[in-house]
Amino acid sequence: MVWERQLTTPSAQQQKSKELILFWLNSLRLRQFSYSFRLVQAQLKAAGMPSASGWDSLFEKYQALKYSEIDCTLYLNTVIEIYKNSLISSNAAIWLYEAPVESISAISTWAQKLINKKSVFAKTFPHPVEDEELNLAPFNGEFINFETLSNGDLVFYSCAKRAFRHRESIEVDQLEVPARKALIGYDEVFGIKSGFTQAYDRVVVRIESGLMELHIDMCCPLAADDLHQIQVYYTEKFKVFLKSLTCSFLWLNQSKNLFPKITELYNAVDGQIIALGHSTSTKSIKEERMRNRRQDLRVETFHREGINAIPSTDLYSIKKGWTMSGWSHVPAVLIPGKASSAGAVGSSVRHALIEACATPEDFEFVVQKLL
Amino acid sequence: MNLNTQQTLLRIELDLRHKPELLVACQAVVRFLSEHRAEDLQQITFGLIGRVANLPLIETIPVAEYLSSARGRIFDRRFMLIVDEEEFEIPHEDVAEARLLNRLCHPDTGEVISNFEESLFVYFELSDIGKMLTRTFD
């Protein structure tokens with residue numbers, strides 16, 4: 001029996017590792033709309049693990065891998081780490097609140113009270129729930145977990161169901177003959193795919209700086225109205241929570257105004273300006289964008305000469321990125337102001353969109369640029 | 001006109017003397033490069049070539065082909081994938097692999113893009129030799 005165990009145990013362990021690695025990769029695939037596959041590729045390569053040009057070929061590679069010849073622990077830990085990164089640093093709409101010390105302290109002390117362990121999402125967290133369960137799940141987010149980071153900051157995770165619709169081109173050549181016949185005369189054919197996806201929203205409480213960040217996971221396209229609705233929902237939830245602790249909650253009525261940051265970001269010499277919206281003193285609206293996010297609009301000839309040729313311009317939106325060392329990815333922030341705000345008194349933009357962050361450190365780096 | 005430009009015009013003349021229309025067009029492009037700074041020519045399209053050489057778009061293809069060929073060596077071909085208003089630069093080797101497998105994946109979602117050729121935008125950048133032909137002073 002001992003002999004048999006010696007022979008079978010490593011093989012069973014390898015089989016288990018394979019199943020776990022594929023399971024985590026599958027969860028990671030479901031994060032594709034808010035966490036780029038390029039970031040997954042870069043982290044796999046950095047760990048010396050196989051990568052591929054797309055999810056299908058990545059799964060083929062990990063199915064065919066000889067698990068007896070690899071460091072299964074390293075592989076599994078790396079995949080788990082990437083998945084964790086996809087939850088905590090995914091593309092997100094963000095609101096910043098300056099919170100009083102007593103409120104921060106109360107949230108920190110009573111964090112557990114916010115958590116609903118009975119939620120359908122809590123059963124599988126950090127993994128997504130099955131499709132059948134997601135169909136029945138609520139649209140309103142529920143806090144299902146929190147963790148304390150190494151610096152003492154708290155991250156609350158809230159999961160919710162979000163509806164999505166997206167258009168896909170259909171290859172007519174691949175269809176059966178009757179379908180092809182029915183579509184004769186059409187140059188292009190599109191299908192609408194709709195369904196539900198699981199969002200992982202976050203509330204980050206910065207203990208030292210007294211800042212509360214609300215992150216709405218951009219796991220599917222969300223219009224400004226949808227974002228506003230979700231933001232109001234979470235702030236109301238926190239207000240009720242703070243009220244129950246007899247703490248001040250009025251600070252949640254107004255998040256930080258990011259409009260002044262547009263000009264500050266443009267003038268700060270670091271990083272690259274990827275896109276800019278401005279209203280010129282010669283009465284035109286300019287929406288400019290670099291095609292490559294590693295290039296800086298400020299040194300592009302058309303922009304530079306144009307700015308020099310006119311007396312003044314009022315900025316109203318900006319997208320700025322910073323090329324990071326290592327994987328040379330470019331985390332970026334978009335402050336989506338409107339042309340009507342350009343040069344106006346009391347203009348405000350209450351949220352920003354942060355994208356292409358690989359790790360929590362990247363995300364915090366970008367948030368720091370907004371403070 | 002610098003020495004590099006003069007030498008390049010001569011080389012093109014030797015290469016294309018049996019194709020006078022292509023010769024005139026390629027030389028027009030080289031003269032155009034000598035009048036502009038490399039930093040202002042980071043994206044060269046068929047449209048730009050057509051305007052410079054005074055050719056309809058369809059006739060710019062042989063010009064671009066020669067200038068990016070092993071003989072021309074002035075342009076480097078580049079690919080940009082444009083999907084839903086998002087743009088991604090795709091390396092040559094990835095395009096070559098995609099064409100071989102008839103499959104290109106979206107760089108962000110990692111999922112296969114149907115009809116990917118329709119979403120690939122081809123343009124040119126100046127090669128190191130091409131940059132030497134541009135204007136270096138104001």
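Each chain gets a letter, A, B and so on, in the order the sequences are listed, and its residues count up from 1.
Around CE of A:M324, the count of heavy atoms belonging to other residues, nucleotides or ligands within 6.0 Å exceeds 12. When the shell of 6.0 Å around CD1 of A:I192 is examined, it contains more than 12 heavy atoms from other residues, nucleotides or ligands.
There is no contact between B:I90 and chain A, counting heavy-atom distances below 4.5 Å.
The shortest heavy-atom contact between B:C105 and A:G54 is SG-CA, 3.5 Å.
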Show me, pair by pair, the donor and acceptor atoms from chain B and chain A that are under 3.5 Å apart.
residue : atom : partner : partner atom : Å
B:D40   : OD1  : A:T301  : OG1          : 2.2
B:Q42   : OE1  : A:Q295  : NE2          : 2.4
B:Q43   : OE1  : A:R291  : NH1          : 3.3
B:E87   : OE1  : A:R291  : NE           : 3.0
B:E87   : OE2  : A:R291  : NE           : 3.3
B:E87   : OE2  : A:R291  : NH2          : 2.8
B:E89   : OE1  : A:N292  : ND2          : 3.4
B:E89   : OE2  : A:N292  : ND2          : 3.2
B:P107  : O    : A:R38   : N            : 3.3
B:D108  : O    : A:F37   : N            : 2.6
B:D108  : OD1  : A:S36   : OG           : 2.5
B:D108  : OD1  : A:R38   : NE           : 3.3
B:D108  : OD1  : A:R38   : NH2          : 2.9
B:T109  : O    : A:W55   : NE1          : 3.2
B:G110  : O    : A:W55   : N            : 2.8
B:E111  : OE1  : A:R29   : NH2          : 2.8
B:E111  : OE2  : A:R29   : NE           : 2.8
B:E111  : OE2  : A:R29   : NH2          : 3.2
B:E111  : OE2  : A:Q32   : NE2          : 2.7
B:S114  : OG   : A:S169  : O            : 3.0
B:N115  : ND2  : A:S169  : OG           : 3.2

